[in-house]
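Working notes, beginning with the structure itself.
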Number of protein chains: 2
Amino acid sequence: MARAATTSDVFNAIAEPQRREILVLLRAGERPVTELAQELGMTQPGTSKHLRVLREVGLVQDRRTGKQRLYGIDARGLRPVHEWTGGFERFWNESFDRLDEYVQDLKQARRKE
Amino acid sequence: MARAATTSDVFNAIAEPQRREILVLLRAGERPVTELAQELGMTQPGTSKHLRVLREVGLVQDRRTGKQRLYGIDARGLRPVHEWTGGFERFWNESFDRLDEYVQDLKQARRKE
DNA sequence: TTAACGTATGCCGATATCGGAATATGTTTG
DNA sequence: CAAACATATTCCGATATCGGCATACGTTAA
């Protein structure tokens, strides 16, 4: 088995730097592929492929206007990622000393099992 | 070029479900590989490999106690991910109505093609 | 209809991934 | 030292990835 398909998982979809960059660019508004390609410094087909992945996990939407196809963001899918990482917030909010303390506590609790 | 090495990038490291599960398990306290392997339902070598990736991006630390090697979390590296996704917060904080409206607009524009 | 434009898809090569099995490394105990 | 235990590494196969290039598809305009 190789890695799970990027296509099915948001975590995987945003593991790609260029795709993250696309999302950042789209935050400023809808854009056609060609424009994105230019801003990313990559080819149009390459950009189209990244957009496809993002579309399949639901992070972008597209709509046609004449010959153009405008891509827009739908970042709701990022919320689970934000929340998941948020579940670790105490690990960077607590001071180092307190973190150590916490870890010590855990150790002790575990010993009692 | 294939995908960037999991080894150098936190986004990539947490793209793997099993690795995310490891982090969740470690949130409750330090654990040796064998225990993690059991809880994940995977082999010890397999688990060791995931731990290596997590260690290389700095999300876990290990320490020796006798024959055992205890793995503990160091989730500070997740902060950038949390913050990056936080940059899109307004897209899911905006009222559903407004978002819905937006989506309806997109659909309608599409029907007109 | 045909031409021109914008975009998507298909094929390819190089590489990385994940999991399994066997084995190597390292630590403690007798 | 040797045996037992805990963990890491290596090799492998099947598959997925990303980027480039050529080309197919779809829409508009002449």
Side-chain angles (χ1 to χ4, degrees), chain A residues 1-23 25-26 30-57 59-72 110, chain B residues 1-23 25-26 30-57 60-72 106 109-113:
Chain A
M1 248 179 241
R3 171 177 294 204
T6 58
T7 251
S8 50
D9 178 55
V10 174
F11 280 90
N12 233 318
I14 64 169
E16 229 293 325
Q18 305 268 39
R19 284 197 289 262
R20 288 201 296 277
E21 188 58 29
I22 288 177
L23 292 176
L25 289 170
L26 289 183
E30 293 179 310
R31 269 181 183 65
V33 188
T34 3
E35 210 174 304
L36 290 170
Q38 208 170 9
E39 300 184 277
L40 293 171
M42 65 185 316
T43 64
Q44 173 268 310
T47 310
S48 268
K49 282 181 227 170
H50 281 313
L51 284 168
R52 182 179 186 169
V53 172
L54 292 172
R55 191 176 44 210
E56 275 171 344
V57 298
L59 286 172
V60 303
Q61 290 170 336
D62 61 300
R63 94 186 150 93
R64 280 242 180 69
T65 9
K67 325 185 196 182
Q68 282 199 145
R69 179 181 290 245
L70 292 179
Y71 279 90
R110 273 183 63 65
Chain B
M1 250 179 242
R3 172 177 293 203
T6 58
T7 253
S8 49
D9 178 54
V10 174
F11 280 91
N12 233 318
I14 64 168
E16 228 294 324
Q18 304 269 38
R19 286 197 287 265
R20 288 202 296 278
E21 189 56 30
I22 288 177
L23 292 176
L25 289 171
L26 290 182
E30 292 179 310
R31 270 180 181 67
V33 188
T34 3
E35 210 174 302
L36 289 170
Q38 210 171 10
E39 300 185 278
L40 293 172
M42 66 184 317
T43 64
Q44 173 269 310
T47 311
S48 269
K49 282 181 231 169
H50 282 312
L51 284 168
R52 182 180 187 170
V53 172
L54 292 172
R55 193 175 45 213
E56 276 170 344
V57 298
V60 303
Q61 288 169 337
D62 61 302
R63 96 188 147 88
R64 280 243 181 65
T65 5
K67 325 183 194 180
Q68 282 198 148
R69 180 181 289 246
L70 292 180
Y71 279 90
L106 290 180
R110 227 185 192 189
R111 291 226 175 79
K112 284 203 193 155
E113 284 165 29

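Throughout, a chain's letter reflects where its sequence line sits, starting with A, and its residues are numbered from 1.
- For the pair A:Leu23/A:Val60, a side-chain contact is recorded, criterion being any heavy-atom separation below 4.5 Å from C-beta on.
- Closest-nucleotide positions on DNA chain D for A:Gln18 and A:Pro45 were compared, and the one nearer the 5' end corresponds to A:Gln18.
- Remark: C1' of D:dA16 and CZ of A:Phe11 are 20 Å apart, rounded to the nearest angstrom.
- OP1 or OP2 of D:dT28 has not a single side-chain nitrogen or oxygen of A:Gln68 nearer than 4.0 Å.
- As a whole-Å value, the separation of A:Glu30 CD from C:dT7 P is 13 Å.
- For the contact set between residues 32-43 of chain A and DNA chain C, defined by any heavy atom under 4.0 Å, the members are A:Pro32, A:Val33, A:Thr34.
- With hydrogens and angles disregarded, no donor-acceptor distance shorter than 3.5 Å links the side chain of B:Arg63 to the backbone of B:Leu70.
- Using a 4.0 Å cut-off, some side-chain N or O of B:Tyr71 falls inside it from OP1 or OP2 of D:dA8.
- Distances were taken from every side-chain heavy atom of A:Ser48 (C-beta onward) to each of D:dG19, D:dA8, C:dT7; the shortest belongs to C:dT7.
- Remark: the B:Gln44 side chain and the D:dA8 base include a donor-acceptor N/O pair separated by less than 3.5 Å.
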Please list, one pair per line, the donor and acceptor atoms closer than 3.5 Å that link side chains of residues 36-45 of chain A to other protein atoms, with sequence neighbours excluded.
{"residue": "A:Glu39", "atom": "OE1", "partner": "A:Arg31", "partner atom": "NE", "Å": "2.8"}
{"residue": "A:Thr43", "atom": "OG1", "partner": "A:Gly46", "partner atom": "N", "Å": "3.2"}
{"residue": "A:Gln44", "atom": "NE2", "partner": "A:Ser48", "partner atom": "OG", "Å": "3.1"}

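- Atom-to-atom, CZ of A:Arg31 to P of C:dG6 comes out at 17 Å; the value is rounded to the nearest Å.
- Note that the CG atom of A:Leu59 and the CG atom of A:Leu26 stand 10.5 Å from one another [nearest 0.5 Å].
- For the side-chain contact (heavy atoms from CB on, under 4.5 Å) with B:Leu54, the lone residue among B:Arg19, B:Gln61, B:Glu16 that qualifies is B:Arg19.
- At whole-Å resolution of the value, CZ in A:Arg69 and P in D:dT27 are 9 Å apart.
- Remark: A:Arg19 is in phosphate contact with D:dC18, judged by side-chain N or O atoms under 4.0 Å from OP1 or OP2.
- Across A:Arg55, A:Glu30, A:Glu35, a single residue satisfies side chain to side chain donor-acceptor pair (under 3.5 Å) together with A:Tyr71, and that is A:Arg55.
- Inter-residue side-chain proximity for A:Glu21 and A:Leu25 is flagged as met; some heavy-atom pair is nearer than 4.5 Å.
- Taking atom NZ on A:Lys67 and atom P on D:dA30, their separation rounds to 9 Å, with Å as the unit.
- Between the C1' atom of D:dC18 and the CG atom of A:Leu51 lies a distance of 15 Å, rounded to the nearest Å.
- Direction of the helix axis in the helix from C:dT1-D:dA30 to C:dG30-D:dC1 shifts by 10° between the two five-pair termini, rounded to 10°.
- Side-chain nitrogen and oxygen atoms of B:His50 include none within less than 4.0 Å of the OP1 or OP2 phosphate oxygen of C:dT17.
- No engagement by A:Gly46 is indicated, since no non-hydrogen atom pair under 4.0 Å with the nucleic acid exists.
- At the phosphate of C:dA8, neither OP1 nor OP2 sits under 4.0 Å from any side-chain N or O atom of A:Arg52.
- Relative to the side chain of A:Lys49, the nucleotides C:dT9, C:dA22, C:dT27 differ in distance, and C:dT9 lies closest.
- Distance CD (A:Glu21) to P (D:dG19): 13 Å, rounded to an integer number of Å.
- The side-chain contact (heavy atoms from CB on, under 4.5 Å) with A:Val57 is formed by just one residue from the set A:Asn12, A:Val10, A:Ile14; it is A:Val10.
- Looking at B:Asp62 and B:Leu51, their side chains never come closer than 4.5 Å, going by heavy atoms from C-beta outward.
- Dashed line: the shortest gap from a side-chain N or O of A:Arg64 to OP1 or OP2 of D:dG26 is not under 4.0 Å.
- Between A:Asp9 and B:Arg20, the shortest heavy-atom distance links the atoms OD1-NH2, 4.0 Å.
- The CG-C1' distance, from A:Leu54 to C:dA8, rounds to 15 Å in whole Å.
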